[in-house]
Every structure is written in C-alpha cells, then in structure tokens.
Trainee: 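Just dropping this structure here.
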Amino acid sequence: MKNPFTLSFGKKPSQFISRIAQINDLLEDIMDDDPTSQAYMITGVRGSGKTVTMTLLKNRMDNEDDWYTLELNPERDMLQSFAAKLYQIPEMKIEFINAKLDLSLLGIGISLEKADPISDIETALTKMLEQINKAGKKILILIDEVVGNDFVRPFVSEFQILIRQEFPIFLIMTGLYENLYDLQNDKALTFLYRTPKIYLEPLNFTAMRRSYQNIFDIGSEEAGEMALLTAGYPFAFQVLGYVCWHLNEKLNDEVLDEFDQYMSEYVYEKIWSELSEKDRDVAKNIAKLSGGETSSVKEIRESMQMSANEFSVYRERLKRKGIIDTSKYGKISFVLPRFDVFVHTRSMLEA
C-alpha cells in the first residue's frame with residue numbers, strides 16, 4: 001500500500017485534517033445577503049495549510065450555481081488576467097458579446113462590428129462586471145501566497161474601487177503574515193486594515209489522534225503521543241505519519257531523528273534564513289532556557305541584557321512569523337514542533 005502521507009506542499013494529501021469550522025464560517029459570511037466584508041486574508045506560517053484550505057474553499061464554491069470562482073497568479077498582470085478569465089466564462093462570454101464589449105485592443109476576445117473598442121483595462125472590467133451583475137452572478141477571486149509586488153498592488157487598489165461601486169465581487173488572499181502585513185501598510189491600500197484576517201489554528205487533536213490510530217492500528221494513548229508531538233502543525237502531521245509509515249516503526253529515536261531532518265530541510269531552514277541576526281539570537285536564548293517548554297520573558301530578556309521595550313520588538317516579530325506563542329502572560333514558548341531541537345543544532349553550527 002502506498003504511503004498515505006505526503007511531503008508535497010499545496011497538494012491535498014489523502015490523509016487530511018480539515019479546519020471545518022473556520023472554512024464554514026468564512027463561506028457562510030461570503031454567501032450571506034449582507035456579508036461583513038468582501039475581502040478576506042488567510043495567514044499562517046509555512047506548512048500551516050493555507051494553500052490546501054484555499055483549494056477546499058474553491059471546491060466548495062465551484063458547486064454554487066450563482067458563483068464563478070477565479071484563481072489569479074500574483075506573479076502576472078492581475079488586472080489583465082482578471083479580465084481575460086471573466087471573458088472565458090462560457091455563459092458570460094455570450095453576454096459580453098451581446099452587450100457589444102469589444103476588448104480586442106486588450107488582447108481579449110474578437111473585434112465586433114459597430115462597437116467602439118475598449119482600450120482601458122479598468123473600463124473593461126467595469127463594463128464586464130455590470131453584465132455579471134445584471135445576470136445575477138457573483139465572482140470570488142482567489143490569490144494564493146500573495147506578496148506586495150507591482151502586480152498585486154494595482155489589482156488590490158482597483159478591487160477597492162470596484163467594491164465601492166457595489167459590484168458582486170469577493171476576494172480571498174493567502175500569505176505569510178509578514179507579506180500581508182507589508183501589503184496592508186501600503187498607503188494606497190489602507191482598506192486592508194479592515195479586512196478580516198483568518199489565522200489558521202492548530203489541527204484538531206482528536207481528529208489527528210483518530211487518524212494515526214486508524215492508519216497505524218495503534219492504541220489511543222500511542223496515537224495521542226504522536227498527535228501531541230506535531231503541536232497541531234499540518235506539515236508536521238504529514239511528516240510524522242510519512243516517517244512512521246516509511247520506517248515501519250512506532251515513535252522512537254530513529255523516527256524523531258528523521259522527523260527532525262525533514263522538518264529542517266523542508267521548512268525550518270527556510271524560516272531561519274528569513275530571520276534577522278537579532279531574531280535568531282532571541283530564538284537561541286528561548287531554546288536555551290526553555291528546554292522545549294514554556295520559559296519566562298524576564299529570564300530570557302535578562303540573559304540577553306535587553307530592555308523591556310527592545311525585547312518586545314523582537315518578541316512581536318517572532319510572534320508575527322508564527323514561531324512563538326505569547327498567549328500566557330510573561331511566558332514564551334515555540335509554536336512549531338521540536339523547533340527548539342532545530343535551534344540548538346543551528347546554534348552549534350553557527351558557534
């Protein structure tokens with residue numbers, strides 16, 4: 001039998017723990033007669049399941065008769081792509097032609113007799129959305145792993161204009177917190193401050209335990225130990241299952257060694273490379289003083305001889321990156337499973 005777990009990012013694995021409540025809440029709000037917002041941000045650390053969650057949203061919305069779901073690539077001209085994909089909707093293409101929308105100058109569609117060609121992409125989008133509105137349809141736009149580049153900024157700015165014109169369009173973006181943070185801090189995109197942000201929560205412990213128990217035919221206690229080790233981190237859930245299946249072993253030192261290796265190579269090295277030198281120093285001190293458990297903010301700060309104000313800056317940066325948990329007053333712990341082991345190893349290599 002093929003390994004039911006996967007190490008591939010973005011692909012829905014055969015063994016998958018869904019965030020049912022978060023997905024349902026988002027879809028209910030979008031499809032409400034009076035939605036609270038027309039734009040949403042889904043964020044989480046690398047490997048937290050952003051792309052898979054978006055895929056599930058798309059699959060659900062594809063079954064809605066009055067909705068069209070369009071995926072846009074943030075590394076291409078998004079306004080042009082949006083118009084082109086709207087035009088390729090079979091039912092609406094007929095409506096656009098009947099409305100004499102000549103988009104040939106924009107490289108979209110065919111030239112129409114007795115129709116003035118439209119040369120401006122924003123005008124084209126407005127006229128196309130007018131026809132979609134008349135047809136009683138709605139548009140859901142999906143952008144995965146968004147960044148604040150020269151394609152995304154003008155698109156989001158235009159989206160803001162279009163929703164002010166009360167067009168039935170909705171936007172869901174996924175991205176690392178720092179990328180979404182940079183985007184919403186653009187002076188031209190201040191409306192993103194009011195955009196609901198959905199932080200992907202850890203996977204349900206009971207669901208993970210049940211999955212491990214059924215697949216490996218083990219007891220509830222042993223499966224629970226495996227689930228706890230992942231800390232609810234989706235990629236760790238896959239890696240641990242993959243390693244146990246591959247080695248045909250239960251949770252032991254050999255499994256942990258291979259688990260640490262995969263987590264390091266696939267995720268943690270990339271996260272580490274994106275930290276500043278000072279961020280790394282703080283992480284090293286957390287690992288040194290915590291021993292894999294929760295540690296005191298005061299103890300860490302004093303060990304680094306940092307003022308409370310200075311330390312709070314780096315604590316907030318690591319929190320935004322999804323690396324640490326600060327929910328307990330005066331305490332800090334790593335969110336990512338066995339990240340302290342990785343940091344200890346990095347400390348020795350960089351010494």
Trainee: Going from OG1 on T230 to CD on E225, what distance comes out if it is rounded to the nearest 0.5 angstrom?
Mentor: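 One finds 12.5 Å between OG1 of T230 and CD of E225.
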Trainee: Taking the side chain from K50 and the backbone from I42, do they hold a donor-acceptor pair closer than 3.5 Å?
Mentor: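 Absent.
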Trainee: Report the hydrophobic cluster partners of L105, with the cluster defined as I, L, V, M, F, W, Y residues connected by side-chain heavy atoms closer than 4.5 angstrom, directly or transitively.
Mentor: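 Under the 4.5 Å side-chain rule, L105 groups with nothing.
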Trainee: Would you indicate whether L228, at its atom CG, is surrounded by more than 12 heavy atoms from other residues, nucleotides or ligands within a distance under 6.0 Å?
Mentor: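 Check passes, neighbour count above 12.
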Trainee: In terms of side-chain heavy atoms, does R280 have a donor or acceptor partner in N285 at a distance below 3.5 Å?
Mentor: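 Distance-only check fails for R280 and N285.
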Trainee: List in chain and number order the residues that pass salt bridge (charged side-chain N to carboxylate O under 4.0 Å, His left out) with D186, two or more places apart in sequence or in another chain; answer none if no residue qualifies.
Mentor: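 Only R153 meet the salt bridge (charged side-chain N to carboxylate O under 4.0 Å, His left out) criterion with D186.
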Trainee: For S303 and I300, work out which heavy atoms get closest and say how close.
Mentor: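 The answer is OG-O, 2.6 Å.
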Trainee: Could you work out, with ring pair (Phe, Tyr, Trp, His ring centres under 6.0 Å) as the rule, every residue matching F151, not counting sequence neighbours?
Mentor: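 For F151 there are no ring pair (Phe, Tyr, Trp, His ring centres under 6.0 Å) partners, ignoring immediate neighbours.
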Trainee: Return the CD to SG distance between E254 and C244, rounded to the nearest 0.5 Å.
Mentor: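 Atom-to-atom, E254:CD and C244:SG are 10.0 Å apart.
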Trainee: Is a donor from one side chain sitting under 3.5 angstrom from an acceptor on the other, for S327 and D325?
Mentor: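 Yes, D325 and S327 have a side-chain donor paired with an acceptor closer than 3.5 Å.
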Trainee: Any chance you could measure M173, atom CE, to Q184, atom CD, to the nearest 0.5 Å?
Mentor: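 CD of Q184 is found 9.5 Å from CE of M173.
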Trainee: Starting from the C-alpha separation in whole Å, work towards a yes-or-no answer on side-chain hydrogen bond (donor to acceptor under 3.5 Å, both in side chains) for Y193 and N185.
Mentor: CA-CA 8 Å; Y193 271 116; N185 277 284; 2.4 Å; yes
Trainee: Would you say V267 and V343 are hydrophobically clustered, going by side-chain heavy atoms of ILVMFWY under 4.5 Å?
Mentor: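 They do share one cluster, since a chain of ILVMFWY contacts under 4.5 Å joins V267 to V343.
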Trainee: For R164, I'd like to know if atom CZ has over 12 heavy atoms of other residues, nucleotides or ligands within 6.0 Å.
Mentor: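 Above 12, so yes.
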Trainee: Give a yes or no on this: more than 12 heavy atoms of other residues, nucleotides or ligands lie within 6.0 Å of atom CG of D253.
Mentor: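 No - once you tally the heavy atoms of other residues, nucleotides and ligands closer than 6.0 Å, there are 12 at most.
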Trainee: Report the residues that fulfil side chain to side chain contact (heavy atoms under 4.5 Å, CB included) with V297, sequence neighbours left out, ordered by chain and then residue number.
Mentor: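 Partners of V297 under the side chain to side chain contact (heavy atoms under 4.5 Å, CB included) test: F311, R315, I332.
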Trainee: List the steps, then state whether salt bridge (charged side-chain N to carboxylate O under 4.0 Å, His left out) holds for E269 with R346.
Mentor: CA-CA 9 Å; E269 287 289 355; R346 293 300 309 180; 3.2 Å; yes
Trainee: Give the cluster check for I141 versus V147: same hydrophobic cluster or not, with ILVMFWY residues linked at side-chain heavy-atom distances below 4.5 Å.
Mentor: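 Hydrophobic grouping puts I141 apart from V147.
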Trainee: Apply ring-ring contact (aromatic ring centres under 6.0 Å, His included) to Y212 and F237, showing your working.
Mentor: CA-CA 9 Å; Y212 282 144; F237 169 75; 4.8 Å; yes
Trainee: Run the side-chain hydrogen bond (donor to acceptor under 3.5 Å, both in side chains) test against D116 and tell me which residues pass, sequence neighbours left out.
Mentor: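 Not a single residue meets the side-chain hydrogen bond (donor to acceptor under 3.5 Å, both in side chains) criterion with D116.
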Trainee: So, N309 and S312: side-chain donor and acceptor under 3.5 Å apart, yes or no?
Mentor: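 Judged by distance alone, the side chains do not pair up.
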Trainee: Atom CD1 of I169 and atom CG of L162: how far apart are they, to the nearest 0.5 Å?
Mentor: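 That separation rounds to 4.5 Å.
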Trainee: Is there a ring-ring contact (aromatic ring centres under 6.0 Å, His included) between F334 and F339 once you walk through the steps?
Mentor: CA-CA 7 Å; F334 286 123; F339 193 69; 5.2 Å; yes
Trainee: How would you list, by chain and number, every residue that makes a salt bridge (charged side-chain N to carboxylate O under 4.0 Å, His left out) with K197, sequence neighbours excluded?
Mentor: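 Testing K197 for salt bridge (charged side-chain N to carboxylate O under 4.0 Å, His left out), a comparison that skips the adjacent residues, returns none.
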Trainee: Take the angle between the ring planes of Y87 and F96 and call it parallel below 30°, perpendicular above 60°, tilted in between.
Mentor: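 The rings of Y87 and F96 lie parallel, inter-plane angle below 30°.
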Trainee: Count I, L, V, M, F, W, Y as connected when their side-chain heavy atoms are under 4.5 Å apart, and connections chain through other members. Are F205 and V239 then in the same cluster?
Mentor: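 No.
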Trainee: Who passes salt bridge (charged side-chain N to carboxylate O under 4.0 Å, His left out) against E302, sequence neighbours left out?
Mentor: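 Counting only residues at least two positions away or on another chain, E302 forms no salt bridge (charged side-chain N to carboxylate O under 4.0 Å, His left out).
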Trainee: Check whether T43 reaches the backbone of G175 with its side chain - one donor and one acceptor, N or O, closer than 3.5 Å.
Mentor: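 It does hold such a pair.
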Trainee: With sequence neighbours left out, what residues match Q22 under side chain to side chain contact (heavy atoms under 4.5 Å, CB included)?
Mentor: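 With neighbours one apart ignored, the set is R19, I198, L200, E201.
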Trainee: For D260, enumerate each residue passing the salt bridge (charged side-chain N to carboxylate O under 4.0 Å, His left out) test, keeping only those at least two apart in sequence or located in another chain.
Mentor: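 Salt bridge (charged side-chain N to carboxylate O under 4.0 Å, His left out) list for D260, sorted by chain: R338.
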Trainee: Please check this pair: side chain of Q88 against backbone of K93, looking for a donor-acceptor N/O pair closer than 3.5 Å.
Mentor: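 The answer is no, because no donor-acceptor pair under 3.5 Å joins these two groups.
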Trainee: Connecting only ILVMFWY residues whose side-chain heavy atoms lie within less than 4.5 Å of each other, what is the rest of I161's hydrophobic cluster?
Mentor: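 Same cluster as I161: nobody, lone residue.
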Trainee: Test N98 against E95 for side-chain hydrogen bond (donor to acceptor under 3.5 Å, both in side chains), laying out the working first.
Mentor: CA-CA 5 Å; N98 290 339; E95 299 297 328; 4.8 Å; no
Trainee: Does a sphere of radius 6.0 Å around CG in N252 hold more than 12 heavy atoms from other residues, nucleotides or ligands, not counting ones at 6.0 Å or beyond?
Mentor: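 Count over threshold, so yes.
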Trainee: Which ILVMFWY residues can you reach from Y181 by hopping between side chains whose heavy atoms are under 4.5 Å apart?
Mentor: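 Answer for Y181: Y177, Y199.
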Trainee: Whether the side chain of D29 engages the backbone of D25 through a donor-acceptor N/O pair (distance < 3.5 Å, no angle test) should be reported.
Mentor: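 Pair absent, no side-chain N/O of D29 close to backbone of D25.
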Trainee: Between Y40 and S37, is there a donor-acceptor pair closer than 3.5 Å when you use the side chain of the first and the backbone of the second?
Mentor: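 Yes, Y40 side chain to S37 backbone: donor-acceptor pair under 3.5 Å.
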Trainee: So does E178 pair up with R317, basic N to acidic O under 4.0 Å?
Mentor: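 Not counted as a salt bridge, because no side-chain N and carboxylate O are separated by less than 4.0 Å.
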Trainee: Between the side chain of K331 and the main-chain N/O of T326, is any donor-acceptor distance below 3.5 Å?
Mentor: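 Answer holds: no.
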Trainee: Tell me, with the steps shown, if I121 and E158 meet side chain to side chain contact (heavy atoms under 4.5 Å, CB included).
Mentor: CA-CA 10 Å; I121 190 66; E158 178 64 15; over 6 Å; no
Trainee: Is the backbone of L129 close enough, under 3.5 Å, to the side chain of N133 for a donor and an acceptor to pair up by distance?
Mentor: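 Pair absent, no side-chain N/O of N133 close to backbone of L129.
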Trainee: Does the N63 side chain pair with the main chain of N59, one donor and one acceptor, at a distance under 3.5 Å?
Mentor: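 Flag set: sc N63 to bb N59 pair under 3.5 Å.
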Trainee: Main chain of F159, side chain of Q38: is a donor-acceptor contact present, judged purely on distance under 3.5 Å?
Mentor: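 Looks like no, no N/O pair under 3.5 Å.
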Trainee: Can you name the side-chain hydrogen bond (donor to acceptor under 3.5 Å, both in side chains) partners of N179, sequence neighbours left out?
Mentor: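 So N179 forms no side-chain hydrogen bond (donor to acceptor under 3.5 Å, both in side chains) with any residue.
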Trainee: Show your reasoning for whether side chain to side chain contact (heavy atoms under 4.5 Å, CB included) applies to L183 and V146.
Mentor: CA-CA 9 Å; L183 190 62; V146 72; 4.3 Å; yes
Trainee: Closer than 3.5 angstrom, by distance alone: can the side chain of N149 be matched with the main-chain N or O of P74 as a donor-acceptor pair?
Mentor: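 Yes, because the side chain of N149 sits within donor-acceptor range (under 3.5 Å) of the backbone of P74.
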Trainee: Between E130 and K134, is the closest basic N to carboxylate O distance under 4.0 Å?
Mentor: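 Salt bridge flag = no for E130 with K134.
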Trainee: Which heavy-atom pair separates F167 from T126 by the least distance, and what is that distance?
Mentor: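 Scanning both residues, the minimum pair turns out to be CZ-O, 3.6 Å.
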Trainee: With salt bridge (charged side-chain N to carboxylate O under 4.0 Å, His left out) as the test, would you mind laying out the steps for E274 and R46 before giving the verdict?
Mentor: CA-CA 12 Å; E274 294 171 345; R46 297 181 188 279; 2.3 Å; yes
Trainee: Kindly compute the distance separating NZ (K58) from CD1 (I172), expressed to the nearest 0.5 Å.
Mentor: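 Going from NZ on K58 over to CD1 on I172, the span is 12.0 Å.
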Trainee: Under a 4.0 Å N-O cut-off, is there an ion pair linking E122 with K127?
Mentor: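 A salt bridge is absent here (no side-chain N lies under 4.0 Å from a carboxylate O).
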Trainee: To the nearest 0.5 Å, tell me how far I218 CD1 sits from Q213 CD.
Mentor: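 Reported value, rounded in 0.5 Å steps: 7.0 Å.
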